[in-house]
Amino acid sequence: MTDTPALRRLLDLPGIDDLELKALMKPRLADPDELYDFPEIAEAIDEAARAAFGLTPDEAAAVPLPTDWDPIERLDPADRAEAFAAEGWDVLDARRKPLRMLGWWTLPLALAMRGVAGALPFHAEPDRPVTDWGSNLKAEATRFRKR
């Protein structure tokens with residue numbers, strides 16, 4: 001039986017959950033065409049992306065893509081969520097729907113996780129269960145002495 005590692009949640013990165021909540025309250029925030037009305041949100045998006053991935057969405061758009069790049073940023077949100085899940089990232093909300101602001105995070109996350117530009121935030125490996133190897137040795141020694 002193999003244990004599949006838990007997916008890293010995009011919402012757990014600093015600032016992203018706050019922006020997602022704001023987009024829930026005001027859906028226009030997730031629309032790139034409407035962002036000019038909300039300069040403070042544009043600044044918050046840039047700060048969150050830089051903190052999480054080392055580059056802003058605009059900087060990510062300016063990065064020359066490799067020739068073998070598969071355009072994850074052009075997929076519909078449900079397909080993006082599946083593609084990110086295959087790479088170890090959970091980009092869904094509590095209701096298991098793609099994040100409202102996923103369009104802002106798709107390219108910076110994809111570039112960082114594929115090593116093209118930016119960087120992924122540090123993520124500690126999960127603790128491994130401690131095996132009780134001492135009791136196994138004791139049982140083996142007892143069996144050995146009985147022989």
Qualifying residues under side chain to side chain donor-acceptor pair (under 3.5 Å), relative to [X], sequence neighbours excluded:
X	value
Glu43	none
Asp17	none
Asp12	Arg9
Glu59	Arg50

- request: Enter the distance from Asp18:CG to Leu11:CG here, rounded to the nearest 0.5 Å.
  value: 10.0 Å
Approximate separation, where rounding is to 0.5 Å, of Asp70 CG and Leu65 CG: 10.0 Å
Atom of Asp46, atom of Pro57 and distance for their closest heavy-atom approach: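 Answer, listing the atom of Asp46 first, then Pro57: OD1-CD, 3.6 Å.
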field: Contact summary for Pro27 and Leu24, nearest pair of heavy atoms
entry: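 That closest heavy-atom pairing would be CD-O, 4.2 Å.
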query: Under 4.5 Å between side-chain heavy atoms, hopping through other hydrophobics if needed: is there a path connecting Trp69 to Val63?
result: yes
Mind checking whether [X] and [Y] have side chains closer than 4.5 Å, heavy atoms only?
X	Y	answer
Arg28	Asp37	yes
Ile41	Leu19	yes
Phe53	Met113	no

Please tabulate, one pair per line, all N/O donor-acceptor pairs under 3.5 Å involving side-chain atoms of residues 82-91, not counting sequence neighbours.
residue, atom, partner, partner atom, Å
Asp90, OD1, Leu92, N, 3.0
Asp90, OD1, Arg96, NH2, 3.4
Asp90, OD2, Arg96, NH1, 3.3

Return a table of donor-acceptor pairs under 3.5 angstrom between the side chains of residues 100-111 and protein atoms on other chains or two or more places apart.
residue, atom, partner, partner atom, Å
Trp105, NE1, Met101, O, 3.3
Thr106, OG1, Arg80, NH1, 3.1
Thr106, OG1, Leu102, O, 2.7

